A.B. asks: 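Can you read through this structure? Questions will come right after.
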There are 4 protein chains.
Amino acid sequence: MIIVMKPNATKEEIENVEKQLCELGFKTHPIFGEVKTVIGAIGDKRHLNTNIISTMPGVESIVPIMKPYKLASRELKQSPTIVEVGDVKIGGDEIVVMAGPCAIENEESYITTALKVKEAGAKILRGGAFKPRSSPYSFQGLEEDGLKIMAAGREATGLKLVTEVVDTRDVELVSSYTDIIQIGARNMQNFRLLKEVGMAKNPVLLKRGLSATIEEWLMAAEYIMDSGNPNVILCERGIRTFETSTRNTIDLSAIPVVKEFSHLPIVVDPSHASGTWKYVNALSKGAIATGADGLIIEVHLEPSRALCDGDQSLKPSKFAELMKELKPVANAVGKKL
Amino acid sequence: MIIVMKPNATKEEIENVEKQLCELGFKTHPIFGEVKTVIGAIGDKRHLNTNIISTMPGVESIVPIMKPYKLASRELKQSPTIVEVGDVKIGGDEIVVMAGPCAIENEESYITTALKVKEAGAKILRGGAFKPRSSPYSFQGLEEDGLKIMAAGREATGLKLVTEVVDTRDVELVSSYTDIIQIGARNMQNFRLLKEVGMAKNPVLLKRGLSATIEEWLMAAEYIMDSGNPNVILCERGIRTFETSTRNTIDLSAIPVVKEFSHLPIVVDPSHASGTWKYVNALSKGAIATGADGLIIEVHLEPSRALCDGDQSLKPSKFAELMKELKPVANAVGKKL
Amino acid sequence: MIIVMKPNATKEEIENVEKQLCELGFKTHPIFGEVKTVIGAIGDKRHLNTNIISTMPGVESIVPIMKPYKLASRELKQSPTIVEVGDVKIGGDEIVVMAGPCAIENEESYITTALKVKEAGAKILRGGAFKPRSSPYSFQGLEEDGLKIMAAGREATGLKLVTEVVDTRDVELVSSYTDIIQIGARNMQNFRLLKEVGMAKNPVLLKRGLSATIEEWLMAAEYIMDSGNPNVILCERGIRTFETSTRNTIDLSAIPVVKEFSHLPIVVDPSHASGTWKYVNALSKGAIATGADGLIIEVHLEPSRALCDGDQSLKPSKFAELMKELKPVANAVGKKL
Amino acid sequence: MIIVMKPNATKEEIENVEKQLCELGFKTHPIFGEVKTVIGAIGDKRHLNTNIISTMPGVESIVPIMKPYKLASRELKQSPTIVEVGDVKIGGDEIVVMAGPCAIENEESYITTALKVKEAGAKILRGGAFKPRSSPYSFQGLEEDGLKIMAAGREATGLKLVTEVVDTRDVELVSSYTDIIQIGARNMQNFRLLKEVGMAKNPVLLKRGLSATIEEWLMAAEYIMDSGNPNVILCERGIRTFETSTRNTIDLSAIPVVKEFSHLPIVVDPSHASGTWKYVNALSKGAIATGADGLIIEVHLEPSRALCDGDQSLKPSKFAELMKELKPVANAVGKKL
């Protein structure tokens, strides 16, 4: 890291900072500019309380040089991570599409939907049994009954399952039913939950928080990985901006940024990002062409009857069309679908 | 609510929407404009899945007329809520200041700090035993040992306690030690945690999420209140914007907005909002003059040794100065301190 | 529009609002809900000062139903606008790529670049003669000398030109040299400049402002169109968000949104959006797959010597590769390149 | 500045960067860390195209150490600048309030308003003759006739004038009528206009752009100062965020930040920041208590008849009340009003 001293820092203040850094195990290299002095400090900053330094007299600011994440970083692991969910591989040259309804409602419609998304080419079946809703008056999910229905959907189709967990107390339960555990956007910095799924055996789909920087998102992945679970799939689902014509603003530039700084695979959720089914087709193509490893898409037999997020759900027929149209886009960027 | 039909919606589509609304128990009032038809629908929208309507052919959008929150709303309760914590009243004509370190580190320094903030005029003692940190490599808090130290601080001073809970599994434990339970910004939409503290007997200090609108914040309060706990204190702590010269951007306009739409008291956290102790004095005065009911301020005996957020902590002497300077500001807006 | 009355609005207040609306030429339709009354008002709101109504006693808010733009709207013109620049057509089934350096530096390098981007398949040549720079100490452009060099580039290649104007006093001059006039992001709400280019004969490339909503962007187009110039090409170039890993956040969802609400063509500037050449390839593909009508890309013979934005410029060889890789993506979404 | 090399940068790449820096007149100081090498470079970066360095093989990023502004900086001038407009001093220990209507409408109402705001204690009279409106269908101002009315207002009251200029072609005209020239938020990065008012003799009120960082705002001031005009008054008027309950989000933390990094005075515009007169009182007090040097407030005789921004205008009686209530707040922070 680099310590920037104030323009009027005294020689004594500079020396004190150097002394303190040395005591903390850093090697120091001061550079005396015309206006300001900066001190290069070599050592591992991760376990340091930087305020020991930042609050010293004469210090203006501290500039980190190393990324704060390590396990999630390309610097540690150059080759891309391929997360295997049974025989489904996420992060390789095959695009993986996850699809299904927002919330589980009943077995019959779930299995019908599951068969249809399988037929269209989806490899993983989504569905919510525990729903984080912004209003206490909205449908909150079927809980374990929903998980049982999902298991029936898997049995009927052979598809793998992905579903969200929202409470540390439910991780074991959810883990026992699902193939992939999902951490929703609103829980991206629920650090206890991250640690808990870090101890589970399932791969984790980690959605980006509504206002999380890419660095914070990778730090959330680091929490999971540091707890022992290396199988993290990142999911871009739109960020919060001033724009109101879409529910969130999809940040497709996150794809090349993540690919540069991390070895983890990244999928995109165009349904939540846009909040309306009308834009899902265009954004799905855009995501694949930009380099996403997969998609997670909301599909409902009858969107107008959906108990959750019907506005952004595709009917199975629209989903099947989309899958057909996605194939040439995937091929155009050297991927299979 | 108002249903806006598309410019080219057919007569049949309009009639279908009306029929559907009637079946759902709404009374409808269509207005035929030159370009678009809108349908006024009278009834309680809170328990409705609006997508039953929004996905119907010919529908362009739905405009809600009523606020989505009820218990937190001024429409339901005109008089301001005064939250009582023993003999401390939050929301009345007395400014309440909460102060203490970010994280509990050890008993000796905590009690020394507690005595000093009490002497300066604080009424409530803060401190973190469970710390939500963005890096897994940072200090995560002393947990129950920290709570015990806080209890010792209360015994030594008579001050009330406020501390954060970050896991549903710890609510009972934290509740048994503290006077006020804090929900941190990153957990503002951890709905399970909201429900759990909604069942606790303690008042709840609900911090605004980093990118939460005021409406979402009040909906989070609604979750707590709907679970049975009416004693919610809102806490503005800065929102995330494009500006980088402060850690967050303090939104003092939230004070008059909250006062207009809700009866709940609101306090301000200038320490987290700015991220640097240098701005805490100015922003504290600004918050009080704008109409805040109180402040929550980080104070540490030796900020450079703080295990958490030292950069934004005031030394006790600076805090005492601030308290002296705040008094005339409080008086200038008709409040006591 | 819909006027929402306060919960406690009196009968008299409601009648006064209705009376006022009638005087202003609106037809009114009150709807009496259980808590609030709303008044539907039919008429043309565009020339109305809504505060005549919004400041009346008992009024809570006004909800517009019609879009504020008309000429730019799909409601007025269903078929997509194809802007013709000589024989180049923007907005049809052919992707149009504009390329060239950020700033014009000298004739020799400009013509070399021009020949190379033409060879790779670009149809329009970009270049800046008047540069809006955030520092007064940065290179500000060659002004008319730059325009002369651009004209030489056109002569050498037959490509059409696009260049920015930053001052109302220069519109005539710039217009006389260039084919397309560019309005930069920082001038998107420089309304005098919009009016001035609205009187020019050239098509206008209108960049989206850093924090402009899509509606404000279309209103800026409306200014140009209302001044007599129907040939507006919208250009998405990234918006300002909290994310710092890219210079701006590219908003590709703007493409389907614009296509839904407007008939104007839309191109994307991945160079400014990302701020780094490394991400230009991925984002260009993403933009085309999402449905953009074209791209504008910075190309420099020797980016390290560029007087402006070298970090985000592609070398001609990288640009040629990109053009080759874009072709199958364009084909995959039914377009030619 | 600090050049951060990539983890795998070769010895040759590092030497090449050093050589290049030396050729550009910098002195270099490499620091070899375990993973990355950084190179400290001493010299004046302001006139450098940093991409000469940033695009070199092996370079990861460049970290600036010095602020990009100089004339606006506290580093150059320690004592606060007091801008004198006749006998009115902005930036000293007296709070200066500017008031008046958004747009000039007619002489009679303007003079009545002027007399009333003077009586209440305002020192400067505001009013818009050239209005930047987001819709071409809205009232665009009376132009020179409006300036004449303003001059009559000054004659009738002795108050100083502040009014906005929106076109380089009008700077001379506006300058000849007004005391202070205003640059509006939408023109904060209209660099030609900044240069033009930099050549005028009048002090300049520089509003912060809707999405301008404080650093960009000070760079805009630098443009004006670099053109020869040292009398810049900064004006915070709210920034654009995701929050929709106010028109903009007032950033009062900008006050202590500006005071730390610049010597220029700063005033606050609570009318535009909030967009509604109801919040102007609270935010005015908050701004003064936080340390603002003054306020600019919209006042209209009959807000419901205002041709512009009626919703956010105070009636003269409300303004007089506010001025009375502001006095003790100013006193509480050691200022006069």
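Nothing here was measured: the structure is a model prediction, and the numbers come from that model.
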A.B. asks: Tabulate, in ascending numerical order, the residues of residues 166-173 of chain D having at least one heavy atom closer than 4.5 Å to a heavy atom of chain C, or enter 'none'.
C.D. replies: D/Val166, D/Asp167, D/Thr168, D/Arg169, D/Asp170

A.B. asks: Please determine, among D/Gly209, D/Pro68, D/Ser211, the option with the most heavy-atom pairs under 4.5 Å with chain C.
C.D. replies: D/Ser211

A.B. asks: Measuring from atom CG of C/Asp311 to atom CD1 of D/Ile62, what distance do you get when rounded to the nearest 0.5 angstrom?
C.D. replies: 7.0 Å

A.B. asks: Taking all heavy atoms of D/Ser304 and all of C/Thr55, pick out the closest pair and write down the distance.
C.D. replies: CB-OG1, 2.7 Å

A.B. asks: Who among C/Phe242, C/Phe130, C/Tyr137 has the most heavy-atom pairs with chain D under 4.5 Å?
C.D. replies: C/Tyr137

A.B. asks: By a 4.5 Å heavy-atom criterion (distance strictly below it), what part of C/Gln312 contacts chain D: side chain, backbone, both, or neither?
C.D. replies: neither

A.B. asks: Is D/Asn51 reaching over with its side chain to a backbone N or O of C/Ala306, donor-acceptor style, under 3.5 angstrom?
C.D. replies: yes

A.B. asks: Within a 6.0 Å radius of atom NZ on D/Lys278, are there more than 12 heavy atoms belonging to other residues, nucleotides or ligands?
C.D. replies: yes

A.B. asks: Can you list the residues of residues 216-228 of chain D that sit under 4.5 Å from chain C, counting heavy atoms only?
C.D. replies: D/Glu216, D/Met219, D/Glu222, D/Tyr223, D/Asp226

A.B. asks: Can you tell me which portion of C/Gln20 sits under 4.5 Å from chain D's heavy atoms? Options are side chain, backbone, both or neither.
C.D. replies: side chain

A.B. asks: Does a side-chain N-to-carboxylate-O contact under 4.0 Å join C/Arg192 and D/Glu143?
C.D. replies: yes

A.B. asks: Specify which of C/Lys70, C/Gln140, C/Met56 makes the most heavy-atom pairs with chain D at under 4.5 Å.
C.D. replies: C/Gln140

A.B. asks: Just give me the residue among D/Thr276, D/Leu210, D/Asn190, D/Ile53 that pairs up with chain C most often, heavy atom to heavy atom, under 4.5 Å.
C.D. replies: D/Asn190

A.B. asks: Should the heavy atoms of other residues, nucleotides or ligands under 6.0 Å from CD of D/Glu23 be counted, would the total exceed 12?
C.D. replies: yes

A.B. asks: Under 4.5 Å, counting heavy-atom pairs only, tell me which of C/Pro132, C/Ser134, C/Ser54 racks up the most with chain D.
C.D. replies: C/Ser134

A.B. asks: Taking side chain as everything from C-beta outward and backbone as N, CA, C, O, which of these in C/Thr213 sits under 4.5 Å from a heavy atom of chain D? Side chain, backbone, both or neither.
C.D. replies: both

A.B. asks: Need one label for C/Arg186: side chain, backbone, both or neither, based on atoms under 4.5 Å from any heavy atom in chain D.
C.D. replies: both

